[in-house]
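The sequence lines fix the lettering, A, B, ..., with proteins before strands; numbering per chain opens at 1.
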Number of protein chains: 2
Amino acid sequence: MNDCSSCIVRNRAICSSLTPDELLILGKMGRRQKVKAGHTLLWEGDDAPVVANVLEGVLKLVVAASDGREQIVGIVFPSDFIGRPFGKESPYSVTAMTDAEVCIFNRNAFDDFASDHPDLQQKLLRRTLDELDRARHWMMLLGRKSATEKVASFLLEMADRLSGQGCNADGSLNGFELPFGRQQIADILGLTIETTSRQLTRMKSDGLVSLPSRREIVIRNRAAMEEMAG
Amino acid sequence: MNDCSSCIVRNRAICSSLTPDELLILGKMGRRQKVKAGHTLLWEGDDAPVVANVLEGVLKLVVAASDGREQIVGIVFPSDFIGRPFGKESPYSVTAMTDAEVCIFNRNAFDDFASDHPDLQQKLLRRTLDELDRARHWMMLLGRKSATEKVASFLLEMADRLSGQGCNADGSLNGFELPFGRQQIADILGLTIETTSRQLTRMKSDGLVSLPSRREIVIRNRAAMEEMAG
DNA sequence: CGAGGCCTTGACTGGAGTCAATTAGTGTGG
DNA sequence: CCACACTAATTGACTCCAGTCAAGGCCTCG
C-alpha cells in the first residue's frame, strides 16, 4: 500500500484536505502507476473506471473529431486531478505527453469516499470551478483571437503554469522548457503546425523571444508579448 | 421572504438536494429579482458579491477582448446556476438575452451555507463537472470545426437543450424558437454575423432546415445535419 | 554516421472576414 | 390600419489570414 504522507504532491493535491487517518484509508484505495510518454490512460467515449492524481509528468486531455482532427482541451500537471467523478464515460482522452506517474483510484470507490468527505469534495469543487474558468477563457482564445494573439497568449500562460516547478526569484518565469512539440502547440491553439511555426519564427526575428532549442522558449520582451496577446 | 416550496425550479435546481427545513433557511437568504433583456447582472472582472439560480429566461456568459470582440462561453437556462462560488472576481459577464428572473444570494452567505450542506455541494459539483464537459466539447468546435460544421452542431445542440421546455412526444425536438438573434449565434460560434447568415441560407436552400421567421428554426433533415456537424 | 522524425520555409489556395448596399422585419404613432 | 422609422438580417464584391501541399534542413538518437 501507499505511504501518502510522503507523497510528493501531498500538500498540493486534493488529498491535502484529509487528516492522517483519512489519508490512510484513501492510501489503501489508490495505486501508483507509471505512464510512458505517448500512452493513453483514458479513451474518449469509453467507460472510465478510474480517476487519478498526477504525481509526475504532463498529460493532455484531447477531444477528437471523426476524421482525426484533434483539439487539446486541457493540460494536466503534477498535483492536478484526472478523470470524471460521478460520470461513466470519459468525455475526452487522457494521454501522457511526457513520461508520467499517476496515483489511480477505482472511480466508484472514490465517488463513495468523496461523498463521505465534504472537505475533499469541496477541494474538488474548487478545482473544477478553476478548470471551468480556464476552459472558458480558452474558448475566447479559440473563437476570437488571431494566430499571433493565440501564440502570444499561449507562451504567457505556459510561463505562468510552468513557474510552479522551479523558477527564478520573483516568480515571473521568462525562460522555460515546453514539455511538448510544435504539433501539440497547434492542437492546443486550434492552428496548424505550419502556422504555429511561422508565428514563432516571426516573434523570434522581431526580438520578442529566443528559441535556444526546439523546446526551449525565452520571453525577451514580456510587455510587447502581453500587448500582442490582445 | 421566499416560498421555495412552490418555486418553479424547485425540483430541478440545486435546491432539490435540500430538506424542507434547509430550504426554509436558504429561502431567507435569497431574493427574487427580474432582469430585463439586455441588462447585465455581473460584469467580467468585477467583484461578484452574488450567486443565483435562474427561474425564468435565458442568460449568456460573455468573455470580451480589450478591443470589443466578444465570445459567448456559456448559455444559462431556468434551473441553472449562475456565479462563481469560492471566488471573488467574476471571470465573465452575465447578461440577460431575454427578460429573465433570478433568485440571488449573497455569495459569502451562500458559500458558508454550501460548506455546511454537503449534498448541495455535491449537486453543485456535478453541475460544474457537466458544464466543464460541455465547455471542453465547445472548445473542439471553436478550435477545429468549419463554419458549416459549427452552425450544424449549434442547431443540433439547441434542439437538444431547448427540448426541456415543451417538446413533441418522442423528446426529439426539431422545430424551436431561438431566444436570440444572429449576432449572438455568431458570438457563440466564433464567427461573424455574415458568415452565420450565409450558412443558414445555404442550409435552407439545401432543404436541411426551414426558417419560418427570424428566430424560428425547423430541422428538416436531422440525419444530414448530424452528418454535417462532423 | 546515418535514418527518421520534427521543424521550418515557400508557393499557392480557399474559406471566412470586411466593407458596403439592400431588403425584410418590428414596432410606433398618427 | 397604414405609413414611417429603425433595427436586424441578407446579399454581394473583394481582401486577407490561415490552411494546404510540397520541399528542404536540422536535430536527435540509435
Side-chain angles (χ1 to χ4, degrees), chain A residues 36-38 60 65 67-71 97-99 141-155 177-206 208-217 228 230, chain B residues 36-38 60 65 67-71 97-99 141-155 177-206 208-217 228 230:
Chain A
K36 277 246 164 14
K60 61 178 178 180
D67 63 355
R69 282 172 293 179
E70 291 195 349
Q71 176 66 48
M97 301 175 94
T98 66
D99 287 346
L141 174 140
L142 290 170
R144 291 298 186 203
K145 291 193 176 178
S146 70
T148 308
E149 292 171 320
K150 283 181 178 182
V151 173
S153 306
F154 168 78
L155 294 178
E177 180 172 352
L178 292 172
F180 41 76
R182 295 287 184 270
Q183 181 61 60
Q184 317 269 19
I185 303 178
D187 286 341
I188 291 168
L189 298 176
L191 297 172
T192 58
I193 188 174
E194 294 94 330
T195 301
T196 306
S197 176
R198 275 189 257 268
Q199 295 298 331
L200 283 170
T201 322
R202 168 93 125 335
M203 285 180 176
K204 183 178 164 189
S205 56
D206 290 353
L208 282 171
V209 296
S210 40
L211 310 169
S213 80
R214 283 189 171 178
R215 299 194 162 192
E216 281 177 284
I217 308 267
M228 220 174 207
Chain B
K36 277 245 161 22
K60 61 179 178 180
D67 63 355
R69 283 171 293 179
E70 291 195 349
Q71 176 66 47
M97 303 176 95
T98 65
D99 286 347
L141 174 140
L142 290 170
R144 291 297 186 205
K145 291 194 175 179
S146 69
T148 309
E149 292 171 319
K150 283 180 177 182
V151 173
S153 306
F154 167 77
L155 294 178
E177 180 171 352
L178 293 172
F180 41 77
R182 295 286 185 271
Q183 181 60 59
Q184 316 270 19
I185 302 178
D187 286 342
I188 291 168
L189 297 176
L191 297 172
T192 58
I193 188 174
E194 294 95 331
T195 301
T196 306
S197 176
R198 276 189 256 268
Q199 295 299 330
L200 282 170
T201 31
R202 167 90 109 9
M203 284 181 178
K204 183 179 164 189
S205 56
D206 289 353
L208 282 171
V209 296
S210 39
L211 309 169
S213 80
R214 284 189 169 177
R215 300 194 162 193
E216 281 177 284
I217 308 268
M228 220 174 205

Q: Without swapping roles, check the side chain of B/Arg182 against the backbone of B/Arg214 for a donor-acceptor pair under 3.5 Å.
A: yes

Q: Using whole Å, report how far CG of A/Leu189 lies from P of D/dC17.
A: 18 Å

Q) Are B/Leu189 and B/Thr195 close enough that some pair of their side-chain heavy atoms sits under 4.5 Å apart? A) no

Q) Any side-chain heavy-atom pair from A/Phe154 and A/Ile217 closer than 4.5 angstrom? A) no

(Q) Nearest heavy atom decides the nucleotide; on that basis, is A/Arg182 or A/Arg144 closer to the 5' end of DNA chain C? (A) A/Arg182

Q | B/Glu70 side chain to B/Ala65 backbone, donor-acceptor under 3.5 Å | A | no

Q: Please round to 10 degrees the angle between the axis of the first five pairs and the axis of the last five pairs in the helix from C/dC1-D/dG30 to C/dG30-D/dC1.
A: 40°

**Q.** Minimum side-chain heavy-atom gap A/Arg144-B/Asp187 below 4.5 Å
**A.** yes

Q. Can you tell me how far the CG atom of B/Asp206 sits from the CE atom of B/Met228, to the nearest 0.5 Å?
A. 6.0 Å

Q) Mind checking whether B/Thr148 and B/Arg202 have side chains closer than 4.5 Å, heavy atoms only? A) yes

**Q.** Sugar-phosphate only, base, or nothing, as touched by B/Ser213 at under 4.0 Å among non-hydrogen atoms
**A.** nothing

**Q.** Which residues share a side chain to side chain contact (heavy atoms under 4.5 Å, CB included) with A/Arg215, sequence neighbours left out
**A.** A/Glu177

**Q.** Residues in contact with DNA chain C, drawn from residues 191-198 of chain B - heavy-atom cutoff 4.0 Å
**A.** B/Leu191, B/Thr192, B/Glu194, B/Thr195, B/Arg198

Q: When you get a sec, tell me which of D/dC27, D/dA8, D/dT11 is the closest nucleotide to the side chain of A/Arg214?
A: D/dC27

Q: Could you state the atom-to-atom distance from CD of B/Gln183 to C1' of D/dT10 in whole Å?
A: 14 Å

Q) Taking CZ from B/Arg69 and C1' from D/dC17, how many angstroms apart are they, rounded to a whole number? A) 13 Å

Q: Return the value, rounded to whole Å, for the distance between atom CG of A/Leu200 and atom C1' of C/dT9.
A: 14 Å

Q) What's the CG-P distance between B/Leu141 and C/dA16, to the nearest Å? A) 12 Å

Q.
Using only atom types and a distance under 3.5 Å, with no angle test, would you say the side chain of A/Ser153 pairs donor to acceptor with the backbone of A/Glu149?
A. yes

Q: Can you tell me the distance, in whole Å, between the CD atom of B/Glu149 and the P atom of D/dG19?
A: 14 Å

Q) A/Leu211 CG to C/dT9 P: how many Å, rounded? A) 10 Å

Q: Nearest whole angstrom, please: distance from the P of C/dC7 to the CD of A/Gln199.
A: 16 Å

